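Working notes for the structure below.
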Amino acid sequence: MLIFFLLIFSVYLGENLYVFLKVWHSMSGLPVNLKVFLSVLFWLCAISFLSLLKLRDAQLLDSISHILYEIGTGWLVFTLYMVLLLAAVDILKLFHIQFAYSLPIVLGIVCCVLLYGYIHYNHPKTEVINIVINKPSAQVKDLKVVGISDIHLGDGTTKKRLAQYVEKINAQQADLILIAGDLIDNSVLSVRKAHMEEELAQLKAPLGIYMVLGNHEYISGVEPSIDFIAQTPIRLLIDSVITLPNQIQIIGRDGRTNPSRASLNTLMEKVNPDLPVFLLDHQPYDLQESVDAGIDLQFSGHTHRGQVWPISLVTDQLFELSYGYLQKKNTHFYVSSGLSLWGPPFRIGTQSELVVFNITFE
């Protein structure tokens, strides 16, 4: 794990050095004082992400914490696109193709792309999926389920944004709400400080609201996360099964972060396979395991589909299903890209979403 983080840090440092050297070269005609100011500003932005990790549980003012979070995480995507475009310019130079004012042009393109990504992130779509499950359900033939994942409450997803999400969810008038983990981001402290349980208390669904743990609940501290969720109408399923009044059974697996979590086969011993079985599992690994177990619908999140291109290409290779709907035999899968996101407030080539399942039982 240490080697992995050192590798990531080295890549991040290398990206910033590459961009900085390009910027420094372009500032050759500027006054020394201005060059020093811009250089200090550049590296303050670069280290703000590292400061964010160090100070995540510090007692900072909400405004300072939010600004530090936005700058620190946003800088990750800024440097990514700067490196990609500046590298493309350098490659073109090898073929004797050069552009005047290449750095200002690259900077302008990156800023426009980030502006688009920010606006796009602020307009999540509603994805509607119609599913037929060939099993009976007591008293009802049709069921409307809202699925959400990866809200990442904290310095990024604020209480104001959460209120907008709650309004959007309640507008669907769903029978059941499922949350596939990562409700909390990196620390419970900021969530408690903003009293976000007040907004979560407004969620409404006659059959209840059920959730499983994600990796970020463990990052935030699993016990504080569980304590916070207990103050909301959300029922947390940790390697457990709940049977609804209409005989639909929901299995909630513990997060994959816990190496001692129960196996799916063990949890299946607690259900009646002749009745509908839904599975909540934060990370969408081992899809065939769910097919073999006889799961009817699995809802997962975690991937964000990379949030921005070209990271989405990586997640598409890492997961059999990194985003969207898939049916394998009688098992329906949906992996959500997330209602919100972690870190950089941009959606480029991906989409924030709320998922609505219209389920018919036959």
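Throughout, residue positions are numbered sequentially from 1 according to the sequence presented. Treat the numbers as computed from the prediction; the structure is a model and nothing was measured.
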Less than 4.5 Å apart, any side-chain heavy atom of [X] and any of [Y]?
X	Y	result
Q249	N272	yes
N258	L213	no
K141	T360	yes
R253	L279	yes
I226	V222	yes
L86	L103	yes

Tell me yes or no: between the side chains of [X] and [Y], is some donor less than 3.5 Å from an acceptor?
X	Y	result
Y69	N186	no
H195	E197	yes
D281	S300	no

Pairs under 3.5 angstrom only: tabulate donor-acceptor contacts from the side chains of residues 28-47 to other protein residues two or more places apart or in another chain.
from	atom 1	to	atom 2	distance (Å)
S39	OG	K35	O	2.7

Can you say whether the rings of H332 and Y325 are parallel (under 30°), tilted (30 to 60°) or perpendicular (over 60°)?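 Parallel: the ring planes of H332 and Y325 meet at under 30°.
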Look at the aromatic rings of Y116 and H120 and report parallel, tilted or perpendicular, splitting at 30° and 60°.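 Correct class here is parallel.
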Derivation of the ring pair (Phe, Tyr, Trp, His ring centres under 6.0 Å) call for F299 and F357: CA-CA 10 Å; F299 181 60; F357 297 100; 5.7 Å; yes
Taking salt bridge (charged side-chain N to carboxylate O under 4.0 Å, His left out) as the test, write out the residues that go with R161, two or more places apart.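 Salt bridge (charged side-chain N to carboxylate O under 4.0 Å, His left out) check on R161 returns nothing, list empty.
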What do the steps show when you test T331 against S290 for side chain to side chain donor-acceptor pair (under 3.5 Å), and what is the final call? CA-CA 7 Å; T331 303; S290 295; over 6 Å; no
Under the side chain to side chain donor-acceptor pair (under 3.5 Å) test against R305, which residue among T315, T350, D316 passes?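 Testing R305 for a side chain to side chain donor-acceptor pair (under 3.5 Å) against T315, T350, D316 leaves exactly one candidate, D316.
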Could you check whether atom CD of Q173 has more than 12 heavy atoms from other residues, nucleotides or ligands sitting under 6.0 Å from it?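 At most 12 heavy atoms, drawn from other residues, nucleotides or ligands, come within 6.0 Å of this atom.
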side-chain contact (heavy atoms from CB on, under 4.5 Å) partners for K125, two or more places apart: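 Per chain and number, K125 pairs via side-chain contact (heavy atoms from CB on, under 4.5 Å) with E127, Y323, Q351, E353.
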